[in-house]
There are 2 protein chains.
Amino acid sequence: MDLLNKDGLTEREFLEQYRAGDYERPSVTTDMVIFTVTEEEADSYRKLPEKELRVLLIRRGGHPFLGKWALPGGFVRPNETTEQAAVRELSEETGVEDVYLEQLYTFSDIGRDPRTWVISCSYMALINSGNLEIKAGDDAADAAWFKVSFRPLREQKELIEDGYIKTLEYELRLSSEEEELTAVVAKTMTTKTTSTGTDYEIVSNDGLAFDHAKIIACAIERLRGKVNYTDIALHLMPKFFTLTELQQVYEVITDKELLKAAFRRKVADLVAETDHYTENAGHRPSRLYRRNWRIDDDL
Amino acid sequence: MDLLNKDGLTEREFLEQYRAGDYERPSVTTDMVIFTVTEEEADSYRKLPEKELRVLLIRRGGHPFLGKWALPGGFVRPNETTEQAAVRELSEETGVEDVYLEQLYTFSDIGRDPRTWVISCSYMALINSGNLEIKAGDDAADAAWFKVSFRPLREQKELIEDGYIKTLEYELRLSSEEEELTAVVAKTMTTKTTSTGTDYEIVSNDGLAFDHAKIIACAIERLRGKVNYTDIALHLMPKFFTLTELQQVYEVITDKELLKAAFRRKVADLVAETDHYTENAGHRPSRLYRRNWRIDDDL
DNA sequence: GGAATAGTGTCTGTGAGACACTATACT
DNA sequence: AGTATAGTGTCTCACAGACACTATTCC
């Protein structure tokens, strides 16, 4: 195909003479929301340990936001995709190589980075609790797993000209052994006759860098949404697990208690029995399950 | 807060002396998948016209991909967000101001633009058929609405070491009055014990520029997924519509026939009766409905 | 035996799929 | 009267919520 453009050039000639324009370009970064599930020691040795949803944060060692906590991430380099950058960051930060990775959303608010024009393509990663020994290292001043709590705080509905605005405020609370960070994120849904839009906004923020409260909120909402109609939660499980453990993971993600019988029916197709059982638990042993390859993996 | 970094600078001092590094930066564009629904004239004047799902494409007037069809889009400028860029493009291309807009996915494959390093943040827009008079203009050499067909072509499952790979091939067929474009897009889902990943790939492509076949496939999948559990389809409807029209829109999006009674039950809460009826249709008139503001707008 | 969890059985209500039936304007 | 669509009633089946009951190990 040798079509000529208005300057009489073929595509090959055009590309050879092409010079990237002098338009200003943004920096592009990836930010990673890395979730895992840990166990909190129970008060009685006979009781089961409680599960916690945790997210990895890194304390910033330089300006801006010096001393604040941020999501792991970094600049996307030439000749790599945003996803490859995410994989690279993940490996640098946690040493984990093979995890569930999903693109979340691209944030581009002006001024989101006080230094310069930075667009961030965010990813969510799920690491199974078995791989958790690895703690982040070299690059960052300090890294820690923060327990996640994300609860609705306030709801408001306001009528406007030809529709309404619904605002939902969530409290995001992140706690590590030493520190507790709190932010309030407002989700604003504008519904008009013709259009609809959703917008996130940080109402208050104590201890998180950049717009990372928003990104974490976005990740939690995605995770909560997907838990109920995909097998995504299984990526947070070790190779063998009990159904009660799996149920606890569902509960800690959705922040809702579930009924045992119904839960077991629901996940029946996602898991496969093994012939192994837990031992020395102080009570009846529990059958161990493993992940089952689903026949109908639609998403 | 006057923390000093390792060079002894406060955050303000740091920002004042900060110069954007000489790292290479990508260009960032937005590409828009703009859907609407049109009516095809029926063979008999008494029959109802058939609905069609259509997408707006623009014929490229310069290299690369001269003469091929591309999604409307353009570079994101400094001091605007990707979303603002999308709104701007949409307005330039169609004149429409107030529509449903949703971020889809950010594409960053290396070499996706033969000129230079370009990352594209894609958006989906839904325009109601009432606003359709506006046809694209000035900027583009040529613009047209293409009827969309997106059907599964082939399915394959392959076992690997510790999991399996499922490949789903879709045929994307886009037809305007003058032209027909065809592409085959493969969706590859890799499921392993630890990780899971989904990847799109263009198998064949006749007439579409860049990786836009992928972006359109992504948009159709999103639209199909959301139709069944949100009121997203109502953004494709004019202010007043009949339930049969709404049903046809659902059918044309999902490519499935629905049962009338069940459909009406399902959308009952999304619409509100009016006292108006269709007229002179050659048969019994139909009640007109309008969109209803949902009480529980979760997404 | 008591504590704690594992695991199963079943009732009930809701809602989607399927199908049949009635209603009504326009030619 | 005939055509084409509008709109409703109801049966059935699947399934989730709710709750109760039995089972099993360890101390």
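Each chain gets a letter, A, B and so on, in the order the sequences are listed, and its residues count up from 1.
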Exercise: do B:K266 and B:N228 side chains pair donor with acceptor under 3.5 Å: yes
Starting at atom [atom1] of [X], determine the distance to atom [atom2] of [N], rounded to an integer number of angstrom.
{"X": "A:F263", "N": "C:dG7", "atom1": "CZ", "atom2": "P", "answer": "13 Å"}
{"X": "A:R264", "N": "C:dT8", "atom1": "CZ", "atom2": "P", "answer": "7 Å"}
{"X": "A:Y289", "N": "C:dG7", "atom1": "OH", "atom2": "C1'", "answer": "8 Å"}
{"X": "B:K256", "N": "C:dA18", "atom1": "NZ", "atom2": "C1'", "answer": "16 Å"}
{"X": "A:E251", "N": "C:dT5", "atom1": "CD", "atom2": "C1'", "answer": "14 Å"}
{"X": "A:L288", "N": "C:dT5", "atom1": "CG", "atom2": "P", "answer": "17 Å"}
{"X": "A:R287", "N": "D:dT24", "atom1": "CZ", "atom2": "C1'", "answer": "13 Å"}

Phosphate OP1/OP2 of D:dA6: any B:T244 side-chain N/O under 4.0 Å: yes
Counterpart residues, side-chain contact (heavy atoms from CB on, under 4.5 Å), relative to [X] (two or more places apart):
{"X": "A:T274", "answer": "A:F240, A:H276, A:L288, A:R290"}
{"X": "B:R287", "answer": "B:E273, B:D275, B:Y277, B:Y289"}
{"X": "B:A281", "answer": "B:H283"}
{"X": "B:V33", "answer": "B:F35, B:V55, B:L71, B:L104, B:I215, B:A219"}

For a quick test of your reading: what N or O donor-acceptor pairs under 3.5 Å do the side chains of residues 245-252 of chain A make, sequence neighbours left out?
from, atom 1, to, atom 2, distance (Å)
A:E245, OE1, A:T242, N, 2.9
A:Q247, NE2, A:E251, OE2, 3.3
A:Q247, NE2, A:L258, O, 3.1
A:E251, OE2, A:L258, N, 3.0

Protein proximity profile, nucleotides 12-20 of chain D - base contact B, sugar-phosphate-only contact S, no contact -, cut-off 4.0 Å on heavy atoms: ----BBBB-
Taking only residues two or more places apart in sequence or in another chain, which ones pass salt bridge (Lys or Arg N to Asp or Glu O under 4.0 Å) with [X]?
{"X": "A:D199", "result": "none"}
{"X": "A:E102", "result": "A:R222, A:K226"}
{"X": "A:E177", "result": "A:R54"}
{"X": "B:E201", "result": "none"}

Gap separating the OG1 atom of B:T182 from the CG atom of B:L172, nearest 0.5 angstrom: 8.0 Å
Base-pairing string, 5' to 3', of DNA chain C - Watson-Crick or wobble, under 3.5 Å, | interstrand: |||||||||||||||||||||||||||
Nucleic acid contacts - residues 274-284 of chain A versus DNA chain C, non-hydrogen atoms under 4.0 Å: A:H283, A:R284
